[in-house]
There are 2 protein chains.
Amino acid sequence: MSTTAPSDDIGTRLRLVRQIYGLTQRELARRAGVTNGAISLIEQNRVSPSISSLKKILDGIPLSLADFFTHNFAASDQVFFAAAELTEIAFGETVSMRMVGGNLKERALQMLQETYQPGADTGEEMLRHQGEECGIIVSGSLTITVGAQEKTLQPGDAYYFRSDIPHRFRNPGSAPCLLISASSPPSF
Amino acid sequence: MSTTAPSDDIGTRLRLVRQIYGLTQRELARRAGVTNGAISLIEQNRVSPSISSLKKILDGIPLSLADFFTHNFAASDQVFFAAAELTEIAFGETVSMRMVGGNLKERALQMLQETYQPGADTGEEMLRHQGEECGIIVSGSLTITVGAQEKTLQPGDAYYFRSDIPHRFRNPGSAPCLLISASSPPSF
DNA sequence: TCCCGGCGTTTAGAATATTCAACATTTTTG
DNA sequence: CAAAAATGTTGAATATTCTAAACGCCGGGA
């Protein structure tokens, strides 16, 4: 039991959340069934809202009280990443990955652009870790083994499995294979 | 972004937390700098407290707003396990284990063997630290106080609680007490 | 340019939360 | 058992929040 307490500055916090969701005070007030004035006062920290009011307001976003107090919204303010900003990771000569948002904290999700050179193989001893992962083949082809199942995927094909099922990726073709994958929680 | 929202019943929730921590309305009010009447009204859901009031009250426990809204306190209310309640686990013919709180989530513990001589007492000022701990009495007996709950455990009995709830161990008997305990994260 | 619409802010009054003090009940103690 | 202490609840007075309606500001068309 030790969730790091975010700022006690409820007003700034609410304003930030509201703006992240692209809402005006009036629009949020309308959805929440409160007045825009109330939201204004709260965001200026001129009043400390009642739980019932705050809940009504968050319902209009919508966002739970738990999420409101738990999440670090300031940390998720970078939405767009230029290709050059992706973090480059290499595994040997044949496998490389480019990670989205490698600098962000408290990620619940990880997205990778993966490249498998011809002959690349994550190995006989199958990978296993917590979470789930999925992906779509962009170009080339890739043979994926998940538990007892094995299939060679072509561009446009996709996969989705629980990461604790042993899995293995191989490129049997003569061209590089490019795929986009996502996993939760991040494995590194 | 989807922490499961605990009950919106703030009053019941506050009362439960307060009682888990072994505090009276008046004692909590004194620590928090509010009146006992206010806490009474909040716990009956006759008013919806302001964030500032709720924060002051939780500071008196202490507990962060994030933890208050995030954690499921009802789920961790089983503190004592009778010997017969321990989960029996067998590995083949030769290895078996008896697991404490096998139904609880997020366990990450390290075990210790502790000996309490007759009269031993961790003291009136109750211990509080991060993490969780559990243990099984091997021989002798031990009186354990956790928040508002107190029980004298006999060999085979066990305990499991969050370490930030004030706790105290005493050996009131005439024989040494031996127990196997585990804590997380390691405190030394 | 002037007007219009939307934005966040402000103010007075209605609604709600909190305090203070007393009450009824239970628990402790001699 | 009675007295005393402690607990949670309640009513009247006070303090705070919320609403409703206005304000000032800014940007985008006629």
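So that the names make sense, note that chain A is the first sequence line, chain B the second, and so on, each numbered from 1. The basis for the numbers below is simple: all heavy atoms, side chains too, and nothing from hydrogens, waters or symmetry mates.
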Using a 4.5 Å cut-off on heavy atoms from C-beta on, say whether the side chain of A:Phe68 contacts that of B:Leu65. no
Do you see a donor-acceptor pair shorter than 3.5 Å between the side chains of [X] and [Y]?
X	Y	answer
B:Thr152	B:Ser141	no
B:Ser50	A:Ser50	no
A:Tyr116	A:Glu114	yes

Whole-Å distance between [N] [atom2] and [X] [atom1]?
X	N	atom1	atom2	answer
B:Arg26	C:dT26	CZ	P	16 Å
B:Glu43	C:dA17	CD	P	16 Å
B:Lys56	C:dT18	NZ	P	9 Å
B:Gln19	D:dT7	CD	C1'	12 Å
A:Asn45	C:dG8	CG	P	16 Å
A:Leu54	C:dT16	CG	P	18 Å
A:Leu23	C:dG6	CG	P	16 Å
B:Ile10	C:dT16	CD1	P	18 Å

Would you classify [X] as touching base, sugar-phosphate or nothing, given that sugar-phosphate means primed atoms plus P, OP1 and OP2, and contacts are heavy atoms under 4.0 Å?
X	answer
B:Ser50	sugar-phosphate
A:Val47	sugar-phosphate
B:Leu41	base

What are the two closest non-hydrogen atoms of [X] and [Y], and how far apart are they?
X	Y	value
B:Ser64	B:Asp67	OG-N, 2.9 Å
B:Gly60	B:Arg31	O-CD, 3.3 Å
A:Arg168	A:Thr122	CA-OG1, 3.5 Å

Closest nucleotide of DNA chain D for B:Ile39 versus for A:Gly37: which of these residues is on the 5' side? B:Ile39
As a test of reading the structure: which of [options] is closest to the side chain of [X], going by heavy atoms?
X	options	answer
A:Gln44	C:dT18, C:dT10, D:dG8	C:dT10
A:Thr35	C:dT11, C:dC7, D:dA20	D:dA20
B:Ile42	C:dT9, C:dT18, D:dT19	C:dT18
B:Asn36	D:dC18, C:dG8, D:dT9	D:dT9
A:Val34	D:dG8, D:dT19, C:dT9	D:dT19

Geometric class of the B:Phe169/B:Tyr159 ring pair [parallel <30°, tilted 30-60°, perpendicular >60°]: perpendicular
Any side-chain N or O of [X] under 4.0 Å from OP1/OP2 of [N]?
X	N	result
B:Thr24	D:dT7	yes
B:Arg46	C:dT16	no
B:Arg15	D:dT9	yes
A:Gln25	C:dG6	no
B:Arg18	D:dG8	yes

Have a look at the helix from C:dT1-D:dA30 to C:dG30-D:dC1 and give the angle its two end axes make, five pairs each, rounded to 10 degrees. 20°
